[in-house]
Chemist: 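Just dropping this structure here.
Everything numeric in this text was worked out from a predicted model, so none of it was measured. Chain letters run A, B, ... following the sequence lines, proteins first, then strands; residues in each count from 1.
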Amino acid sequence: MSNQELAKILNEMAAFLDMKEVEFKPRAYEHAAFSVQSLEEGVDEIYKKGGLKALEDIPGVGRGIAERIEEYIKTGRIKDYEKLKKQFPIDIEGLMAIDGVGPKLVKKLYQELKIKNLNELEKAAKAGKLSKIEGLGEKSEQKILRGIEFLRQSHGRFLLGHILPTVRKMLDNLRVLSYVKRAEPAGSIRRMQETVGDLDILVTSDKPSKVMEYFVNMPEAQDVLSSGPTKTSVRLEIGMDADLRVLPPESFGAALQYFTGDKYHNIAVREIAIKKGYKLNEYGLFKGKQLVAGRTEEEIYKKLDMAWMEPEIRTNSGEIEASLKGKLPKLIGYDDLRGDMQVQTDWTDGENSIKEMAEAAKSQGLEYIVITDHTKSLAMAGGSDEKKLERQIKEIDKIQKQISGIKILKGAEVNINKDGTLDINDETLKKLDVVGASVHSNFNMSEQDMTKRIIRAMENPNVDILFHPTGRLIQKREPYKVNIDEIIKTAKRTKTVLEVNAYPERLDLKDEYIRKAVSAGVKLAINSDAHSVAHFKFLEFGIAQARRGWAKKNDVINTRPWQEMLKLLK
DNA sequence: GCCGTTTTCGGCCCGACTGTTTTCAGTCG
């Protein structure tokens, strides 16, 4: 059992209760599900330590849900859930994943047409049966079909690194229009989340209708989904939906605030506003009908006695309390990195030469890079053996003499064998400035064996950094099973640095693990894992990831000059 | 079902847009 599974059940219970038109309970179950999902500890651990009482300490979990969690831990089932499931034997999660389908529609579909899952819904829609139901029509039927298609294509979310360039270009194009005063992204893009569901753009303009007209006709827009005087939605060519909202300047900060924080941050902030006798919406902070703040985010938070929070941490996971107490961390900045400690070249699976990579890094403003080509057991990448590494060391010395303004350090991305030994001997490793170790094979080990394997590698006095510590590929491959708490503990004990790999598909460590590592006092390195000169720009995503994990400049070793950085290694 | 320097009872974030209606329910963020 896992928090993930439990959260899924609680969410489904919320949806079933919505179908039954029960009041308020659905929100309670949703809230509990979210809390469970974002817990750092397993609910079974919490229960073991503190029993029912400890479960009730989880936000949104009271006596009732705590007892159901207890039942789940003890028996692996929740009777109330099974009762609901019996009443509605349907794949409610799958159906509600379709855009425009909510619990009420699911109920109607089940009662009228006995539809229980995506396939049956698709069949009914294609047969024109949906439009015959009262309250639905042709358009709803087509919308559902498009929703199913979209879901199948993309799982509905996009990697930040894949879509950000397009988004920035669109924003630039909006900003140069004479009738657009400001244009800013909000939502998950402004929070720099690892994946993005859709795009929110906020604009101030004295000619809203012209902005809307531009937006629906811009080359990136493929379909117009809805269009009104203040809000327009389009589907972009890249497959993502984009919402544009036009606002008066006196409301711009309020709208930024409203559309940037995730749902849970916003609920918490609005509740604080209510307690102080205000109402907060996207147009401003109001006392009765009087607008008291709205032009900037800062003035709104200030009225609520809160310090302004960086967008990346607005997820109601402690930032509200820290803001109220004036104890927000100063997060690492986007200009704070001086070096990149994982760079591949054409000596193995990289695209470019050592010199080309060094020059590209220099022109991006970096002071140093570490060359970390793969080693021999990664045969597919032409990994180096000891001899090839020795030759590369000499080659780097030669290139360093030809190039100034950037330090090229010698390193390797060494494979961790199945038993935790490395595929390069210690004598050779000692000659390198930086040794990164990583898992590239035997992903399907038990958690216990994998953890032991990685710990053994970290205990090697030559291993400075554990590269992409969990091995996940977002939307493609699950992380291998590993006990992250043990890894963090070992990192602290052995002074091994943990990597925040900035490659858009990896972003590994993920934010919640970064936060754990930071609070354990473990040092991090943010690296691009560049395989070509174009990849140094990925560092931005690694920094965003670190910021979402509440990392400060001081927690990240490659914010320091290279001489100082080296002193922090084993 | 949860929660409390407004409450252990009585509230629960809030507004825009769509589609199918003829005044509004449902969904979304």
Chemist: Return the value, rounded to whole Å, for the distance between atom CG of A:L199 and atom P of B:dC28.
Modeler: 19 Å

Chemist: Considering every strand and a 4.0 Å limit on heavy-atom distances, what is the contact class for A:I98: base, sugar-phosphate, or nothing?
Modeler: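 Since only primed, P, OP1 and OP2 atoms lie under 4.0 Å of A:I98, the category is sugar-phosphate.
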
Chemist: Distance check, P atoms only: B:dC12 and B:dT7, in whole angstrom units.
Modeler: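 Pairwise P distance, B:dC12 against B:dT7, rounds to 16 Å.
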
Chemist: How about A:V234 and A:D223: do any of their side-chain heavy atoms sit closer than 4.5 Å?
Modeler: no

Chemist: Output the rounded distance in Å from CG (A:D241) to P (B:dC28).
Modeler: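 After rounding, the reported distance stands at 12 Å.
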
Chemist: So, are A:R190 and A:E297 salt-bridged, with charged N and O less than 4.0 Å apart?
Modeler: yes

Chemist: Which part of the nucleic acid, if any, lies within reach of A:D99 when heavy atoms closer than 4.0 Å are counted: base, sugar-phosphate only, or nothing?
Modeler: sugar-phosphate

Chemist: Identify whether any heavy atom of A:Y258 sits under 4.0 Å from a base atom; if not, whether one sits that close to sugar-phosphate; answer base, sugar-phosphate or nothing.
Modeler: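 If one applies the 4.0 Å heavy-atom cut-off, A:Y258 turns out to touch a base.
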
Chemist: What nucleic acid atoms does A:P103 come within less than 4.0 Å of, heavy atoms only: base, sugar-phosphate, or nothing?
Modeler: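 Sugar-phosphate only.
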
Chemist: Heavy-atom count around A:E213 CD within 6.0 Å, excluding the residue itself: above 12?
Modeler: no

Chemist: Please determine whether the number of non-hydrogen atoms from other residues, nucleotides or ligands lying under 6.0 Å from atom CG of A:D335 exceeds 12.
Modeler: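 12 or below, so no.
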
Chemist: In whole Å, measure the gap between the C1' atoms of B:dT18 and B:dT23 for me.
Modeler: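 These two C1' atoms come out 14 Å apart once rounded.
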
Chemist: Across all strands shown, which nucleotide pairs with B:dT8 by Watson-Crick or G-U wobble geometry, both distances under 3.5 Å?
Modeler: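 Pair assignment: B:dT8 / none.
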
Chemist: If we take the P atom in both B:dG10 and B:dA16, what is their distance in whole Å?
Modeler: 32 Å

Chemist: Identify the pairs formed between an N or O of the protein and an N or O of nucleotides 16-25 of chain B at a distance under 3.5 Å, and give each distance.
Modeler:
{"residue": "B:dA16", "atom": "OP1", "partner": "A:Y283", "partner atom": "OH", "Å": "3.3"}
{"residue": "B:dC17", "atom": "OP1", "partner": "A:T230", "partner atom": "OG1", "Å": "3.1"}
{"residue": "B:dC17", "atom": "OP1", "partner": "A:K231", "partner atom": "N", "Å": "3.0"}
{"residue": "B:dT18", "atom": "OP1", "partner": "A:S227", "partner atom": "N", "Å": "2.8"}
{"residue": "B:dG19", "atom": "O3'", "partner": "A:S140", "partner atom": "OG", "Å": "3.1"}
{"residue": "B:dT20", "atom": "OP1", "partner": "A:G137", "partner atom": "N", "Å": "2.2"}
{"residue": "B:dT20", "atom": "OP1", "partner": "A:G137", "partner atom": "O", "Å": "3.2"}
{"residue": "B:dT20", "atom": "OP1", "partner": "A:S140", "partner atom": "OG", "Å": "3.0"}

Chemist: Is it the case that the side chains of A:D529 and A:N501 hold a donor-acceptor pair, with the cut-off being a distance below 3.5 Å and no angle test?
Modeler: yes

Chemist: Quantified in whole Å, what is the P atom distance between nucleotide B:dC14 and nucleotide B:dC9?
Modeler: 25 Å

Chemist: Between A:D241 and A:R235, is there a salt bridge with N-O shorter than 4.0 Å?
Modeler: yes

Chemist: Are A:N281 and B:dC14 close enough that a side-chain N or O sits under 4.0 Å from OP1 or OP2?
Modeler: no

Chemist: May I ask you to say what A:V22 touches in the nucleic acid, namely base, sugar-phosphate or nothing, with a heavy-atom cut-off under 4.0 Å?
Modeler: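 Result for A:V22 = nothing.
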
Chemist: Write out all pairs satisfying ring-ring contact (aromatic ring centres under 6.0 Å, His included) with one or both partners inside residues 223-265 of chain A, taking only residues at least two apart or from two chains.
Modeler: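 Matches after skipping sequence neighbours: A:F34-A:Y264.
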
Chemist: How many Å lie between CG on A:D80 and P on B:dG1, as a whole number?
Modeler: 8 Å

Chemist: Please give, in whole Å, the distance from B:dG1 P to A:F16 CZ?
Modeler: 16 Å

Chemist: Between B:dG15 and B:dT20, how many Å separate the two P atoms, rounded to a whole number?
Modeler: 26 Å

Chemist: Which value, in whole Å, describes the distance between the C1' atoms of nucleotides B:dG1 and B:dT5?
Modeler: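 Between the two C1' atoms, the distance is 24 Å.
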
Chemist: Within 45° of the ring axis of A:Y301 and under 6.0 Å from its six-membered ring centre, is that where the NZ or CZ of A:K303 lies?
Modeler: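 No, cation not above the ring by the 6.0 Å, 45° rule.
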
Chemist: For B:dT8 and B:dC2, measure between their C1' atoms and round to the nearest Å.
Modeler: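 12 Å, rounded to whole Å.
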
Chemist: In whole Å, what is the span from the NZ atom of A:K263 to the P atom of B:dT27?
Modeler: 14 Å

Chemist: Using a 4.0 Å cut-off on protein heavy atoms (strictly under), produce a 5'-to-3' string for nucleotides 2-12 of chain B with B for base contact, S for backbone-only sugar-phosphate contact, and - for none.
Modeler: SS--------B

Chemist: Please check if the number of heavy atoms outside A:K85 that lie under 6.0 Å from its NZ is greater than 12.
Modeler: yes

Chemist: Check the angle between the aromatic planes of A:H535 and A:Y503 and answer parallel, tilted or perpendicular using the 30° and 60° thresholds.
Modeler: perpendicular

Chemist: Using atom CD of A:E30 as one end and atom P of B:dG29 as the other, report the distance to the nearest whole Å.
Modeler: 13 Å

Chemist: Starting at atom CZ of A:F259, determine the distance to atom P of B:dC28, rounded to an integer number of angstrom.
Modeler: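 Computing the A:F259:CZ to B:dC28:P distance gives 16 Å.
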
Chemist: Tell me, please, whether A:Y278 has A:K276 positioned over its six-membered ring: NZ or CZ under 6.0 Å from the ring centre and within 45 degrees of its axis?
Modeler: no

Chemist: Grab the CD-C1' distance between A:E70 and B:dG1 for me, whole Å please.
Modeler: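 Result: 17 Å.
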
